[in-house]
There are 2 protein chains.
Amino acid sequence: MPRSKKTWFAVLGLLAWRPMSGYDIKKLVEIGLSHFWSESYGALYPTLAQLVSAGLVSRRSDRGRGKRPRHVFSITPRGRGELERWLRGPTEEPRVRNEVVLKLFLSPSRPWAESVRLLEEHRTRQLASHEDFAASEVVLRRALKEGVLPVELQSVLGDGPKANQPSGARSRQLLVLLLSLRQGVLAAQARLAWCDEALRAVRQEARATNPRLRGVAR
Amino acid sequence: MPRSKKTWFAVLGLLAWRPMSGYDIKKLVEIGLSHFWSESYGALYPTLAQLVSAGLVSRRSDRGRGKRPRHVFSITPRGRGELERWLRGPTEEPRVRNEVVLKLFLSPSRPWAESVRLLEEHRTRQLASHEDFAASEVVLRRALKEGVLPVELQSVLGDGPKANQPSGARSRQLLVLLLSLRQGVLAAQARLAWCDEALRAVRQEARATNPRLRGVAR
DNA sequence: TCAGACATGTAAGTCGTTACATGATTCA
DNA sequence: TGAATCATGTAACGACTTACATGTCTGA
C-alpha cells in the first residue's frame with residue numbers, strides 16, 4: 001500500500017496559498033517552514049509534473065519581457081478537493097530517529113567526556129535555532145498586532161497588495177505561521193532543557209566515577 | 001556521497017551492549033527505544049548480513065536442544081573500532097517533517113473546527129505517549145535507586161546474572177536509559193504544551209470570527 | 001564583467017517500509 | 001490442535017537526497 005505522499009500534498013497545499021514556481025516553493029519552505037518541513041528540488045519538480053498530469057495543478061509559462069522565464073503553478077478546483085480530503089484524513093505521527101539520543105544511549109563503554117562533548121555540541125545547535133525562532137516570533141507578533149507586513153515575511157506570505165485576499169485571510173495566515181513557529185520554539189526549548197539536564201547528570205556521574213576530577217568546576 | 005548508514009551503526013551499537021539475534025534487536029528497539037529510534041526487519045536482516053561481510057560482527061548459530069534455532073550476532077573488535085569512530089564523529093540533526101504542523105499551516109481556507117479536531121487528536125496521542133514515558137520513568141528511577149532490575153527492563157538491558165558486567169556498567173546502562181527516556185518525556189510535554197496553546201488560540205479565533213459561538217464553552 | 005540569485009530539471013543511488021513467504025515451538 | 005510468539009529472511013516499491021547539468025538575469 002503506497003504510503004502517504006507527503007511531498008505531493010505539501011506542494012498542493014502551498015499552491016493553495018498562492019500560485020508559485022518550483023523555485024518559489026523551495027525558497028518558501030527553506031525560509032519560513034524549515035522548523036517543521038523540508039523539500040528538495042529532486043522531489044519538488046517531479047512532484048509538480050505529476051500533479052499537473054493528475055489535473056490537480058495547472059502550469060502556466062510566465063515569460064514577461066525582460067523577465068526570466070518561469071513556470072507558475074496554480075491549484076485547480078480538483079486539486080482543492082484532494083487537498084481538503086487529505087487535510088481531513090488521518091495524520092501520521094512521524095517516526096522518530098534521533099541520532100543524538102542514540103549516540104548517548106550507545107555510549108556506555110565510552111569515556112564520559114565524549115558524552116559531554118556530544119551534548120554540548122547539540123546544545124549549541126539548539127540554542128542557535130531557538131534564538132532564530134524567538135527572533136522570528138518577535139517580528140511575527142508585531143505584524144499580527146500592528147497589521148503591517150514586514151519585508152521578511154513577504155516572501156513567505158506573498159506581497160501582493162492587489163492580492164484578492166478576503167477579509168481576515170491575511171491575519172489567519174499570520175496566525176498559523178505564528179503557531180507553527182511556536183511549535184519550533186517550544187520544541188527547541190524542550191531540547192535545550194534536556195541537554196542541560198543530561199549534562200548535569202553526566203558530569204555528576206563523571207565526577208563520582210573519577211575522584212580526581214572532584215571539585216572541578218564547569 | 002553515501003549518507004550516514006544510521007541503521008548500520010544503530011545495530012552495531014546495540015550489539016555492543018550484548019550479543020543478540022535480529023529478532024532480539026527488533027524487540028529491544030520496539031520496547032525500549034521506540035521514543036527515539038525505530039528499525040524494520042527489512043532493514044535489519046540485510047544490515048546484519050552486511051555487517052558480517054564487513055567483519056564488524058560475527059554470527060554464531062545457536063541451536064540448543066529443544067530450542068528454536070537462531071542466529072546470535074556479536075560485535076567484533078573491528079566492529080568496536082568502527083562504532084567508536086562513528087560515536088566520536090559528527091552528529092546529524094534529523095530533518096524534521098511534522099505532518100500535524102504542516103496540516104495546521106495549510107488549513108487557512110478550512111473551517112476552524114477542522115483545525116481544532118486535528119489538534120485535539122494530536123493532543124490525545126501525545127498525552128498517551130507522555131503517560132507511557134512517565135510510567136517507565138518511575139520504574140527506571142526506582143531501579144536506579146534500589147539497584148534492583150524489574151522484569152520490564154530485563155528485555156532491554158539483558159537479564160544475565162552471570163553476565164560479566166564490570167562494576168558500574170549496569171548502573172551506567174540504567175543512567176543512559178533514563179536520560180533517553182527523559183528526552184521523550186520532555187519532548188512529549190512540549191508537544192502537549194503546544195497543543196494547548198494552539199487550541200486556545202484557534203478556539204478564540206473561531207469565536208471571534210463566528211459570533212454565534214460566542215460564549216460557548218470548550 | 002562577473003558573482004550571486006533566479007530557474008528548471010534529471011540520474012543515480014540510499015534508505016527504509018510493507019507485504020510476502022516460511023517454518024518451529026510453546027502453551028492453553 | 002491451533003493461536004501466539006519466536007525467528008529469519010526476500011522482493012518490490014516508495015520517497016527522498018545528492019550530485020550533476022544548464023542556462024538567464026541583475027546589480028555592484
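Chain letters run A, B, ... following the sequence lines, proteins first and then strands; every chain starts at 1.
Using modelled atom types and a 3.5 Å distance limit, the side chains of B:Ser129 and B:Asp132 yield no donor-acceptor pair.
The distance from atom NZ of B:Lys27 to atom C1' of D:dT8 is 12 Å, rounded to the nearest whole Å. Counting to the nearest Å, the P atom of C:dG9 and the NE2 atom of A:His71 are 5 Å from each other. Atoms CZ (A:Arg60) and P (C:dT8) sit 12 Å apart, rounded to a whole Å. As a whole-Å value, the separation of A:Lys5 NZ from D:dC16 P is 10 Å. In this structure, the CG atom of A:Leu28 is 13 Å from the P atom of C:dC6, given to the nearest Å. Atom CH2 of A:Trp37 is separated from atom C1' of D:dA15 by 11 Å (rounded to the nearest Å). Atom OH in B:Tyr23 sits about 9 Å away from atom P in D:dT8, given to the nearest Å. The distance from atom NZ of B:Lys67 to atom P of D:dC6 is 12 Å, rounded to the nearest whole Å.
Residue contacts for A:Arg59: at a heavy-atom cut-off of 4.0 Å it reaches the sugar-phosphate backbone alone, with no base atom in range.
Remark: B:Thr7 is not in phosphate contact with C:dC15, judged by side-chain N or O atoms under 4.0 Å from OP1 or OP2.
Salt-bridge formation is not detected for the pair A:Glu93/B:Arg191: no Lys NZ or Arg NE/NH1/NH2 atom is positioned less than 4.0 Å from an Asp or Glu carboxylate oxygen.
Nucleotides of DNA chain D nearest to B:Tyr45 and A:Pro69 differ in position, and the one nearer the 5' end is that of B:Tyr45. DNA chain D is contacted by both B:Ser21 and B:Arg97; B:Ser21 maps to the nucleotide lying nearer its 5′ end (nearest heavy atom per residue).
If you check C:dT17, D:dT24, D:dT17 against the side chain of A:Arg68, the one that comes closest is D:dT24. Picking from D:dT10, D:dT17, C:dA7 the nucleotide with the shortest atom distance to the side chain of A:Arg70 gives C:dA7.
Rounded to the nearest 0.5 angstrom, B:Gln183 CD and B:Phe36 CZ are separated by 8.5 Å.
Using cut-offs of 30° and 60° for the angle between ring planes, the B:His122 and B:Trp194 rings count as perpendicular.
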